[in-house]
Amino acid sequence: MEVKTSLLDNMIGVGDMVLLEPLNEDSFIENLRNRFDHNEIYTYIGSVVISMNPYRSLPIYTPQKVEEYRNRNFYELSPHIYALADEAYRSLRDQDKDQCILITGESGAGKTEASKLVMSYVAAVCGKGQEVNKVKEQLLQSNPVLEAFGNAKTMRNDNSSRFGKYMDIEFDFKGDPLGGVISNYLLEKSRVCKQPRGERNFHIFYQLLSGASDDTLMKLKLDRDFSKYNYLSLDSANVNGLDDAASFRTVRNAMQIVGFMEAEVQSVLELVAAVLKLGNIEFKPESRINGFDESRVKDKNDLKEMCELLGIEQSVLERAFSYRTVEAKMEKMSTTLNVAQAYYARDALAKNLYSRLFSWLVTRINESIKAQAKTRHKVMGVLDIYGFEIFEDNSFEQFIINYCNEKLQQIFIELTLREEQEEYIREDIEWTNIEYFNNAVICDLIENNQNGILAMLDEECLRPGTVTDDTFLDKLNTICAEHQHFESRLSKNSKFLTDHSLPHSCFRIQHYAGKVLYRVEGFVDKNNDLLYRDLSQAMYKATHSLMRQLFPEGNPAKVNLKRPPTAGFQFKASVGVLMKNLQTKNPNYIRCIKPNDKKVAHIFTDSLVCHQVRYLGLMENVRVRRAGYAFRQPYESCLERYKMLCKKTWPQWRGPTRDGVEVLLTDCSVPSEEFAYGRSKIFIRNPRTLFTLEERRRACLEDLATLIQKIYRGWKSRTHFLLLKKSQVVVAAWYRRYAQQNKYQKIKSATLVMQSFIRGWKARNILRQLKYEKRCKEAVTTIAAYWHGTQVRREYRKFFRANAGKKIYDFTIQRIMQKYFLGLKTTTMSPMDNTWPTQPYGFLEGAHTELRRIFHLWRCKKYRGQFTEEKKSVYEEKLEASEIFKDKKALYPSSVSQPFKGDYLEIQKNPKYQKLNGAVEEKVLLADLVNKINRANGKGSPRLFLLTKSNFVLADQKTGQVKASVPLPDLASVSVSTQSDGFFALKLKEGSASASKGDFLLSSEHLIEIITKLHRIGTTAADRDQINIDISDEFLVQFKQDKIVAVAARNLQHAQEFAKKHNIPRAYGSYEELAKDSDIDVVYVGTIHSHHLSTGKLFLTSHKNVLIEKPLAMNLREVLELTNTAKENDVFLMEAIWTRFFPVSVEVGRLLGQGEVGEVQMVRADLGAPLTHIPRLTHRELGGGALLDLGIYCLQFVFMVFNGERPESIQATGYCIDTGVDGTVVLVLKFSGNRMAVCTCSITMMLTNDAVISGTKGTIKVPNHMWCPTSLEVNGEVTQYPLPEPSLPLNFIHSTGLRYEAEEVRQCLLKELKESSGMPWAHSHLLAEVMDEARRQVGVTYNQDNI
């Protein structure tokens, strides 16, 4: 059963002021105070909601509260703004009535927050969906944008709306929002230039300076310091509780959601910055010849920056601040502006620029949120407009605002009375006229077209001659002197002549909310709102994207000499449109009241609240509602709430609800004059009658509660007794069952024992009988067998001695041969199967061997019969390969199972080799990819190897170009090693045409097949000698003639002198000439200089191998560029550096390698002066230890690759070669994502400061030196070492970025290393061992992706 609730339940004070008894101003204020103290900030006056500003957050706006008030009757729950919003939304959705919600109150009363709550509630209860949610979000996010540009901090409110806003939210037939339209009224643009003490300019200025990024401020030419801008007040720049930086981010996000493009946002911010810059422009007087002063800009820097922001020529704007052009009919006249006029023009431009920007923002938001569908829409309007304002100094703005509030009060009274009268007529209740104050006379005083204040102000502004605020006041005193609501000390009305509270330059109007004193100063200027045409035209000339839209009147082609409408005329017209719009909608009212002027919680100021209650006309509103009947309620709700007061209606009334209410009120003896019956509602005249019914209901509910308790307790006791009774029956039944089961189990077990004994006795008797019968049968069989044997022996005894021996022998031999032949059936038919059954008896020895031979020949013949001619040829090659390599080459066994394919490149099918296929005239017997070993440096280059019957060809893998074609008659022999490598040397006959190129040293994975085919071609050819195959671990390869040595310098004379001194045959005067020499294979670039990159690339692109001395002198990126160039041109890039034999290095390496100092924890070293251009990792902390001033080349490269990422850990390990060379530290850096880097570095080379290696067992220190260390300190003990002689090990080359996969190459490198007198700076040949060790230590699996 659904529990019905009511406004009257648990009521604190009186929730609806209509029910207040007694009704007077004191009880009204006391009721508001009582509810405010209990956090009840909402109170009703009929359908009007009074909202008190709590100045703190209350937990009454949660999603649960939204669901609580959703689709509920207005008076069903305690007063809340959600109840009014729900009532308005349901009337719009279900009854198709357009709604408007009028939110009024003075500044700081919470009107803006109330409008947000209404919009958020409607957004929460309407439909869902992607498009609907987008529209709702855009409607809600329009608020932060308009608040930033239209709200400001005032003395009464930290977020005061300085403009009026009316939003029409449009809905479809389902009640889902489609869009909206926003109208703005009278932005307080004078605040841009001047703010009262203790107040701020508009929020956006402070938000921009606080929240924008440094880059944005730099583009806008702004500074964060508020004090640098004249338009910003400093005493209230920072407000407690307002985070301007966070608000700016919110505004940027809201503009993006509403639909502003990034370029539009930037344009808006540029205009805001321009306003700030405009306020900093100051003027100075400059005397002219005619004696008049002319204004000039003091400091042109702000003017220049503003012009750059707006795209205006500085001279154009500067002239507009100094001159004014006046046009009359066909004449133009230019006059100078003095300083005061220039400041007026500046401020007018700033106010117009900002107000027009605000209007553009509203228009732009409307474009984004307007409904797209053209069908008729349901509309809900929300009006959030300035409240009635009474300040110490009231000017034109307050006059206009209070005029608007007079109009709203007028329409409020009219609509309220109309609503009451319509309900009385609808319910068929007699209507009586209600006396109330009609403020139409005040509205007429202000807006009358003939004698109204606004009309006289416009007339005075348009009048030729001298027009001042005093002349305007004189006109008012003349025309309005007799008006009962107008007061002026200078008027003809003599009763105000002695009123000293009324200054001479002021007039006073008695509004519905009280008397307001207006100072007439500034009325004429503010109503004119003039902007000089020169400034408008200057703004129109700007290249900024928005300026032409904001200043269309500046277009020279559309000059309009007609005076623009005044501010008062425009506002009066917009208020008239607003009133007409409101009168077409069903009104809903929210009256906002602020409890105190201190803007703090829990303070209720009676005098302030009383003042607001008066000027809001709340008492009058209550009297209007109570003029007829104070309370009305539908019959269903009334009967449901009070039915327990009458026995006839309790607990359920069966007839019509009106009849039930009549019976109920008659039974309760309610006087007939206290109520009236409408068509659907009961009307109660006096609140006391309603409270009497509530008291009786409360007492009745207590009796009912007692009755319910009695019945419940009886039911609970009976239920408990019945449960005990049922439990007793269940327990007894279970016990009886348990006892019977036990008895049955005992009988059952006794029966089973008896049965088992009987069955066992029977089975034993049967077993004895069966055993006896079996023994009898066996005895009979045995006796019969013996008897038959005796008879047979008697019969054959006479023949046995003559024939038995031979027959037994023949039978035995026959049985043995049969068993032997059956055993041979298991032998397989494979010729490769060497298995054969063992010889069972000695007499079969000859036959056994012969049978094995015959069987093997037979199955080989059967196997050969299956071969095709092609397959026979392959096996013949295999057979020949066996004769050549078997037991001679370690590689041969692994090749036996691999078939000889011949054409591994599919040269006939592959279009890449079409050109090459055409160059070879004969049939290609073999095509394979081999590595040709370079004569200069021993590195392999991929080549295509083609073999025909008459020659073999070597071609480039990429281009297919033939590099060498050698006739087979020129081939003397082929040399291979006995090992499992793929190297083979093709030796050419001396004196042949091909011998000039030298022998060929090649490497191939199909070495066995290549040499076999070469041998077969030589064997089958009748016109040439057989090719000799030399298998030996040592063989001689004759390469090309000796290397050619040449020298090149920038100066030919120097090169020739050097060549002569060192016996060098060739000399060149430029590197380009040397690069063209095709006989030069390797170029050595010595001595560090600035031409390494260009010189190296010159030789590399000329297909020459390059040896560079000390590449460390170059930038790391240049080293990478040279390495890539070398790879692209298929040549080598090698490094060689000067090294020395360092005894200190040997000792450091030995100590580290043998672990004398334990695990290395820290290394500190500093590279010398020649390498200062390399960036250092000074005091960079790395996980696992600190590396201070470690200037290592490869470590720099690692950090360049990893973009400076911090490693997760680092390990340092000592390393040393047996012969004793530079001590080396291997650094293993582990990064995130299972990535690592391995670096090697020399400890002692080129140090200028002490090098320190700290370990867990001790410390090694290499003292300061310039080139070569001569002493070493180990754990405090110093040892001296002699200085060795330098050497240049050019015979050792260090190849950068190359991988050595062949074991032979690696062994050669290690051998060359041991024989050299020095050590290269980095040890790339140890990289594989270092990485294996690193993997074991760190536990990282490395591959091509993470190394």
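- Judged as a side chain to side chain contact (heavy atoms under 4.5 Å, CB included), and not counting sequence neighbours, the contacts of Asn405 are Phe388, Ile401, Tyr512.
- Among all heavy-atom pairs drawn from Val145 and Ala254, the shortest one is CG2-CB, 3.9 Å.
- Because its NZ or CZ atom is both nearer than 6.0 Å to the ring centre of Phe260 and within 45° of the ring axis, Arg364 counts as a cation-pi partner of that residue.
- Across all their heavy atoms, Ala152 and Asn201 have their closest contact at CB-O, 3.4 Å.
- The backbone N or O of Ser247 lies less than 3.5 Å from no partner atom in the side chain of His203, so there is not a single donor-acceptor pair.
- Two residues are said to be in side-chain contact when any heavy atoms from C-beta on lie closer than 4.5 Å; Met119 and Asn143 meet this criterion.
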Practice problem: With side chain to side chain contact (heavy atoms under 4.5 Å, CB included) as the test, would you mind laying out the steps for Arg35 and Met52 before giving the verdict? | Solution: CA-CA 10 Å; Arg35 292 179 62 78; Met52 300 285 291; over 6 Å; no
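- Looking at Glu264, its side chain does come within 3.5 Å of a backbone N or O of Met261 through a donor-acceptor pair.
- Proximity of Leu139 to Val122: side-chain heavy atoms (C-beta onward) are nowhere separated by under 4.5 Å.
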Self-check item: Full working for side chain to side chain contact (heavy atoms under 4.5 Å, CB included) between Asn581 and Asp168
Solution: CA-CA 10 Å; Asn581 193 359; Asp168 269 334; 3.6 Å; yes
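- Between Phe149 and Phe358, the distance from one ring center to the other does not fall under 6.0 angstrom.
- Heavy-atom neighbours of Gln266 CD from other residues, nucleotides or ligands within 6.0 Å: above the threshold of 12.
- Side chains of Ser161 and Lys111 form no contact here, defined as non-hydrogen atoms less than 4.5 Å apart.
- Salt bridge annotation for Arg252-Glu262: present, with a cationic side-chain nitrogen under 4.0 angstrom from a carboxylate oxygen.
- In this structure Ser190 satisfies the side-chain hydrogen bond (donor to acceptor under 3.5 Å, both in side chains) test together with Glu397, sequence neighbours excluded.
- Looking only at distances, a side-chain donor or acceptor of Gln570 sits under 3.5 Å from a matching main-chain atom of Pro565.
- Here the closest non-hydrogen pair linking Leu546 and Ser267 is CD1-CB, 4.0 Å.
- Using modelled atom types, no side-chain atom of Gln138 and backbone atom of Gly259 make a donor-acceptor pair closer than 3.5 Å.
- Other residues, nucleotides and ligands contribute more than 12 heavy atoms inside 6.0 Å of the NZ atom of Lys65.
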Quiz prompt | Intermediate values then yes/no, side chain to side chain contact (heavy atoms under 4.5 Å, CB included), Leu353 and Met547 | solution = CA-CA 9 Å; Leu353 180 59; Met547 296 306 292; 4.0 Å; yes
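- When side chains are defined from C-beta on, Tyr589 does not count as touching Thr104, because their heavy atoms never get closer than 4.5 Å.
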Practice problem: Step by step, work out the side chain to side chain contact (heavy atoms under 4.5 Å, CB included) result for Lys572 and Asn449. | Solution: CA-CA 11 Å; Lys572 176 183 172 183; Asn449 292 330; 2.6 Å; yes
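- Using a 4.5 Å cut-off on side-chain heavy atoms (C-beta onward), Val272 and Phe205 make contact.
- Every ring pair (Phe, Tyr, Trp, His ring centres under 6.0 Å) that Tyr206 has, sequence neighbours left out, goes to Phe226.
- Side-chain contact between Thr112 and Ile103 is absent, with no heavy-atom pair separated by less than 4.5 Å.
- For the pair Glu68/Ile60, no side-chain contact is recorded, criterion being any heavy-atom separation below 4.5 Å from C-beta on.
- Ion pairing of Arg200 with Asp244 is present here, as a side-chain N (NZ or NE/NH1/NH2) and a carboxylate O approach within less than 4.0 Å.
- In this structure, Tyr540 contributes its side chain and Arg548 its backbone to no donor-acceptor pair below 3.5 Å.
- At a threshold of 4.5 Å between non-hydrogen side-chain atoms, the residues Lys116 and Glu147 count as touching.
- Residues forming a side-chain hydrogen bond (donor to acceptor under 3.5 Å, both in side chains) with Gln549 (at least two apart in sequence, or on another chain): Trp360.
- Of the possible donor and acceptor atoms, one in the side chain of Asn588 sits under 3.5 Å from a partner among the backbone N and O of Cys100.
- Under the 6.0 Å cut-off for aromatic ring centres, Tyr354 and Phe202 qualify, their centroids lying closer than that.
- For Glu406 and His511, the side-chain atoms include at least one donor-acceptor pair closer than 3.5 Å.
- The minimum heavy-atom distance between Gly381 and Tyr166, with the atom names listed, is CA-OH, 3.5 Å.
- The main-chain N or O of Gly105 is never found under 3.5 Å from a side-chain atom of Arg591 such that the two would form a donor-acceptor pair.
- Nearest approach of Arg70 to Tyr121, heavy atoms of both residues: CA-OH, 3.3 Å.
- A donor-acceptor contact shorter than 3.5 Å links the side chain of Glu427 to the backbone of Ser680.
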For residues 173-184, tabulate all N or O donor-acceptor pairs below 3.5 Å that involve a side-chain atom, not counting sequence neighbours.
{"from": "Lys174", "atom 1": "NZ", "to": "Asp172", "atom 2": "OD2", "distance (Å)": "3.0"}
{"from": "Asp176", "atom 1": "OD1", "to": "Gly127", "atom 2": "N", "distance (Å)": "3.0"}

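- No donor-acceptor contact under 3.5 angstrom links the side chains of Tyr44 and Ser78, judged on distance only.
- What you find for Ala88 and Ile101 is that their closest heavy atoms are CB-CD1, 4.3 Å.
- Asn527 contributes a side-chain N or O that, together with a main-chain N or O of Gly568, makes up a donor-acceptor pair within less than 3.5 Å.
- Formation of a donor-acceptor pair under 3.5 Å by the Asp86 side chain with backbone atoms of Tyr82 is not found in this model.
- Under the side chain to side chain contact (heavy atoms under 4.5 Å, CB included) criterion, Thr154 pairs with Ser107, Arg156, Asn157, Ser160, Arg162, Arg191, Glu199, not counting sequence neighbours.
- Salt bridge annotation for Glu137-Lys134: absent, with no cationic side-chain nitrogen under 4.0 angstrom from a carboxylate oxygen.
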